[in-house]
Each structure stands twice: as C-alpha cells, then as structure tokens.
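Everything below concerns the one structure shown next.
Counting starts at 1 for both ligands and their atoms, following the listed order. Excluded from the calculations below are hydrogen atoms, water molecules and symmetry mates; all remaining heavy atoms, backbone and side chain alike, are included.
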Amino acid sequence: MHKHLHFLSIFVALCSVFALINEVDGEYLIGLGSYDMTGPAADVNMMGYANMEQNTAGIHFRLRARAFIVAESSQGARFAFVNLDAGMASQLVTIKVLERLKTRFGNLYTQENLAISGTHTHAGPGGYLQYVVYSVTSLGFIKQSFDAIVTAIEQSIVQAHNNLKPGSVFLNNGDVENAGINRSPSAYLFNPPEERAKYPTDVDTTMTLVKFLDTESQKSLGAFTWFATHGTSMSRDNKLVSGDNKGAAARFFEDWFNLVSNKSVSTSTTKSSDMKTLNKKAQTIKATGGQPCGKTASQGFKVRKNDGSRFVGAFCQSNVGDVTPNVLGAFCTDTGNSCDFNHSSCNGNDQLCVGRGPGYPDEILSTKIIGERQFQKAVELFTSASDQLSGKIDYRHTYLNFTNIEVELDGNTVVKTCPAALGPGFAAGTTDGPGVFGFQQGDTEINEMWKKLRDLLKEPSQYQVDCQQPKAVLLSTGEMFEPYAWAPAILPIQILRLGKLVILSVPGEFTTMSGRRLREAVKETLISNGNGEFGNDTHVVIAGLTNTYSQYVATFEEYKQQRYEAASTIYGPHTLSAYIQEFKKLAKAMATGQKLTGPFLLPPDLSSVQLSLLSDPQGDLPPPGKKFGDINQDVAQPKGGSFKKGDKPSATFYSANPRYDLLTEGTFAGVEMLQGERWIPAYDDDDFSLFFKYEALWVI
Ligand SMILES: *[C@@H]1O[C@H](CO)[C@@H](O)[C@H](O)[C@H]1NC(C)=O
Ligand SMILES: *[C@@H]1O[C@H](CO)[C@@H](O)[C@H](O)[C@H]1NC(C)=O
Ligand SMILES: *[C@@H]1O[C@H](CO)[C@@H](O)[C@H](O)[C@H]1NC(C)=O
Ligand SMILES: *[C@@H]1O[C@H](CO)[C@@H](O)[C@H](O)[C@H]1NC(C)=O
C-alpha cells in the first residue's frame, strides 16, 4: 500500500487597497490571537451535512481559531471571544478549554466571560461533540479533531492574553449585498404580517464589525465581524478541509491587510514576463523543497508564520438558521425547474432539490464569491469605522435545563419546553444538503414503517408526543441515553457587553425572525431597566453556535410548518419564548448591576463514556523503489514556457497519511518562488489558490 499526494494551484486576483489611518486615545486593554486548528486532513468525517461518505481528503485552506480579549484594566472586568472555523461550538470542547485556562490563568477566564463560537463551516473534521446525534456519522468521538480544536482555542487565547495592551475599539455596521437568502421563505411567511412589515427582507443583511487599534503604535490589530449566512457554499460532496465562505473571507481580509500595510513588493504581483526570466533562473538554482517534511521544515516553508503578532480578521456567525449562501435559489436537479415552495422537493423527492451558489456549478467559486462579498464589506466598514466604543465591560452567563422551562406568555398562560426531539423535516435535510429519501420538509406525519424503526430505537413518551405538537416525533433524542445522551439538556446562555455593543451568545442556529425577536427583547430590557446606562444606540448582535450546540430555534409560527429548521427546534414550539424569557432575566441583571443568584446548573462532561469507532491510520509504505517525498508526477511544462493566470499546474508525490502528523501551523504543500538567488515560500496549503489533495492508493 502506498499513499498518493497531489496539489495544484491557481492564481487569484488581489483586492484593492485602502488607507488605514486613525488617531484616538486608548480606552481598554485589548489583545488578539490566532492559531491553526485544521485537524486531521484525511479519513475523518466532516461536521455539518451528516453525510457518511464525506470524509476529509486534503486541505483547501486551513482552519483557525481567532480570539480577542478586551479588559477595562489589568484588574478590571474582561471577556474573551473566540471564533472557530468549525461547524459549531461543542460543550465538551468548552469544558476542556475552561480546565486548561484555569490551570494557566486561575479565574481570569471562566464560563462567565469566555465565548467560543463556530463559523458553521460544513467542511471541517467532525467527532468533537459529546452528544450522540452529533457524532453518529463520524463513528463517535475523534480525539484528534477534538485536541486540535481545544489546543487552538487555548493557544489563541494565550496569544491574545500575552498581547494585551492599551487600545481602542471601533464599531461599525452596514449591509452585505447578496450573500444570503432565506432557504425556508414559506416558513418565514407564517410570521405575523405586521411583524414582517417592520423589515425590508426575510433575512438580516447587517454586518457588525469591531475594529481594534493599538494606541501606542496606532496600528490596527484586527477586526471581528458578525453576519448571518450558512457555511454551505461548499457542498455535501466536498472532501477538502475548508473554512467555507467565512473562512475564505478571513483569509482574504488578513492577506489584504498585510498587503496594504506593507510597502514591499508582493510576490503575487509578478508579471508573466518576469516569470520567464525567473523560470530560466530556477533551472540553475536548487529549490529548497523536497526535503524531509518534519514539523520544523513544514513550519519553515509556511507563507504566513504565526509569530503571535499577526493581524487577525474574523468572520463570525449570527442568526443563521434559515439563511443560505446559495443565493441563486434551489432547483430540481432532474428538470432544472424551481422546487416545490412549501416542501423544497421535486415531485415529492427531497433529494432532487438543491440550492445553487453564485458560482454554480463551481462550489470553489461560490465560496470565493460569498467570501468576497463579506470580505469587501468588512474592508469598507473597517476603513470607515469611526464610532469609538467606551463604557463598561460586563457579562452574565447561566446554564439552563431546556427540557422543562416554564414560560409565561402574555395573558398569564404558562407553557413549557420539551425534552429534545427531531421531526421528519430534520431527516429531509435542506436545499443546502438534502437528507434521507422519503422525507420532506414540512412533513407532520411519519409513516408506519419509520414509526416501527423508530420504536426499535426508542418509542417517544406520550408526554413528549403531546409536548412537541405539531412536530411529529421522529427521534426523541431527549429521551435517549444509550450508550450516552443523544441530545443536550443543559444549555448556556450569555450576554457580553463592551460599551454599547452587546453580544448574545446563543448555543444554536436562530432563524432570522427568532434572532430579531431576541435582539429586540434584550435591547428593550436593557434600556428600560438600565437607568440611562443603555441608550437607544445600544447595538445588540447575536453570536450564533456559541459555547455549545443544540441545533435550531424557529419562531412559534415557523414551528407550525415543520420545515427543517422547525423540525430541528429540539425543545418544542416554545423554545424561542424560553430563550427570550431567560435572556431578559440576564439582561435585567446586567442593566441593574445585579449578580445572578443560584442554584446553578452545570452541563455534564461525557468524555469518559465517549465511543470512538474510527481506527487510526497504520502501515503506510511507499511502493518499492520509492521514498516518501518522491515525485510521482512532476508539473507539466506550460505552453510557451511560462504559466498564465488561470493555469492549474499540479504535481503528485508519495506521502504517508496526513493523520500521522497534522503539521499544525505548518503546511503539507508549498510553492516556492525564486527571488534573487533565494527560493522563498510563495503559496502553501493555507492559500485559497493552492489545493492539497490526498488519496490513499492500495497497491497489490
Ligand atoms: C510585510 O512584509 C514582510 C516581508 O515580506 C513580512 O514579514 C510581513 O509579515 C508583512 N506584513 C506586515 C504587516 O508587516
Ligand atoms: C404553501 O402552503 C400554504 C399553507 O401553509 C398555502 O396557503 C400555499 O398555497 C402553499 N403554496 C404553494 C405554492 O403551494
Ligand atoms: C433536566 O430536567 C429534566 C426534567 O426535570 C430532568 O429529568 C433531567 O434530569 C434534567 N437534566 C439534567 C442534565 O439535569
Ligand atoms: C429611541 O427610539 C425610539 C424608536 O425609534 C424613539 O421613539 C425614541 O424617541 C428614542 N428615544 C430617544 C431617547 O432617542
């Protein structure tokens, strides 16, 4: 058996340049950090589409954890926010990160003031969540994925902490054009007309940006943005590790900043006439590549070395529930016609209705375009940000048992949330990634065959069946505990405050209207209880998929239609009302300066009972007469002697399974460029234009 490695690169155009000048006094201590969390680039099931066939087989570009810390002073209030190029946050990851931070920093960073948020890419290695539903397709827990994420979060916070210095923070926001549409517009229409009339569209188009500036050097340290659109530009068939559109936006933004803040000649602007000379020269000077690729060598060849002081640009997720980046709409793959409006199916078949990104049928191009739309808006907001934040840093956090929250509705009716359950619309999947044949979004009934199969696993209690109405209970995950809990019961909610910016950490995917209701309820509560502390200009932003994961939150009205988002609103019809009620309590406590009173719940740590059924790689050998690192197929000579923009040169090498060494902060592939007498790294596996592909070949 031997393994086969392959990469190819294309050249991408670079973006326009803006001036970056700001003069202000520092208000806070600020620190930013970032760390590689790519994880296993082979054989590991990707988190997001729940597609058993979708295992990693290379890297499009690397995944990172990006962190910022803000503090009032060295002894004063602070919080840390970490954005992950991951499908979502994980309770177990949060628990282990908190343990490590406690060892390092004592009580500086705790569950109260740390937020860990996922971008919702569907192209990262899975197996890092502790509840069964979220690790079925990855064959259970995957320590390698988990450790890569925990370590990256820890290291990004260590960096940010070590970087803390006086600085100021600027807030800006604006609309992103055409980077998301509603993928369940029929469910959105269930919301009251007078409520819908308050908003121009059925998705939130606002991007919120905070910009961090070092007071002493007047250098920009980075920026974090929040905007709602799914990480599903890459399809359920993709096998390359990718940050999807938000990861791409971050890569473009960070590269753009380095380019504009750097007067030296960029490698990417070399003209093709220069290339000819360089190519000739290259034949006489030996390149540095082809050396044994240990960790040190791999880090040495890296284009963007992580010395802890790099500009950090992060693209965070928001109320993303019903927002797809596949903005051309969904069409039937057989006829090319539009899908059924209410069910997103084609003649009853859910699997034929698939959304199209703006680069259709090229998913890489779609990822690039949706990434660029966010990146370009971020640049615009970044360069024009002038609204300096001042005032308190504060936070409130609590854990709630979502299986039985009593919610007081208007008119004194008391309703309850339910133990977690999924409806048939969940099995139907979405237009971003259709699910199981035989289900449709909007189904409120389950056929006898599926009922029998379900009952073999777990027959839902009558209480559950009644509680979840009008959802039909396909999987009563909140009542399933074998071999361990299938769904979370205990969820964290959190409010972080930085002056007039208020961040709501929600452990799931709120639909557009759910997010609006929550933001408005919190804002109103802060203003009406704050005694002038919170003004009309209070800016509330939702940080989606944060601290843990519990699937979707649709409004009570959307829940009636039972499309995917509603069928995945696991705690029943009053889930959103429960969130709003409990967030208002946190908001009131914050506005009135009160601490929360117990008793406090804690989520379970299920690490000791996790099943791990994926085996480690073993027994790799190169074919007879070959060594690892040997070339199998060299780059073909280009026509006319030099490559042109758009060419896709490729070469293949013999390698072992990338799971043997994740080469964290390093690279599996590099393209070097001759400058003078020296070869310097020009592209690596973190570039959008370079693809590292891995394929296992069995040789008899
Ligand atoms: C500018 O260029 C230098 C040398 O190529 C590089 O080390 C540095 O990271 C670049 N970016 C900034 C922000 O200085
Ligand atoms: C969708 O369903 C609603 C009822 O929920 C119905 O009024 C409407 O006509 C349906 N639309 C289409 C296009 O089938
Ligand atoms: C949550 O509440 C339910 C209902 O009261 C209870 O059965 C369950 O044990 C609680 N879960 C946890 C993890 O405390
Ligand atoms: C706050 O905004 C509301 C609604 O836009 C407006 O009615 C009210 O007058 C504003 N209050 C202040 C103090 O500006």
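You'll find the side chain of E565 stays beyond 4.5 Å of the side chain of Q551, heavy atoms only.
Close contacts between ligand 2 and F190 involve ligand atoms 5 (O) [criterion: under 4.0 Å to a heavy atom]. Atoms of ligand 2 found under 4.0 Å from any heavy atom of N342, numbered from 1 in the order shown, are 1 (C), 2 (O), 3 (C), 8 (C), 10 (C), 11 (N), 12 (C), 14 (O).
Cys pair C332 and C339 fails the test of SG atoms under 2.5 Å apart.
Applying ring-ring contact (aromatic ring centres under 6.0 Å, His included) to Y552 and the options F510, Y559, F426, Y564 leaves one that passes, Y564.
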Scan the side chains in residues 442-451 for donor-acceptor partners under 3.5 Å anywhere in the protein, sequence neighbours excluded, and list what turns up.
unit_1 : atom_1 : unit_2 : atom_2 : d
D443   : OD2    : Q440   : N      : 2.9
N447   : OD1    : M449   : N      : 3.1
N447   : OD1    : W450   : N      : 2.9

Q. Yes or no on disulfide bond (SG atoms under 2.5 Å apart) for C346 and C353, after CA distance, side-chain angles and deciding distance?
A. CA-CA 6 Å; C346 303; C353 175; 4.9 Å; no
Using a 3.5 Å cut-off on N/O to N/O, what pairs does ligand 3 make with the protein? A line per pair would be great.
unit_1   : atom_1 : unit_2 : atom_2 : d
ligand 3 : 2 (O)  : N401   : OD1    : 3.4
ligand 3 : 2 (O)  : N401   : ND2    : 2.2
ligand 3 : 2 (O)  : T403   : OG1    : 3.0
ligand 3 : 5 (O)  : N404   : ND2    : 2.9
ligand 3 : 11 (N) : N401   : ND2    : 3.1

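Between K560 and E557 there is no salt bridge, since none of the side-chain N atoms of the basic residue sits less than 4.0 Å from a carboxylate O of the acidic one.
Any N or O atom pair closer than 3.5 Å counts here, and D340 shares no such pair with ligand 2.
Rounded to the nearest 0.5 angstrom, I149 CD1 and M47 CE are separated by 10.0 Å.
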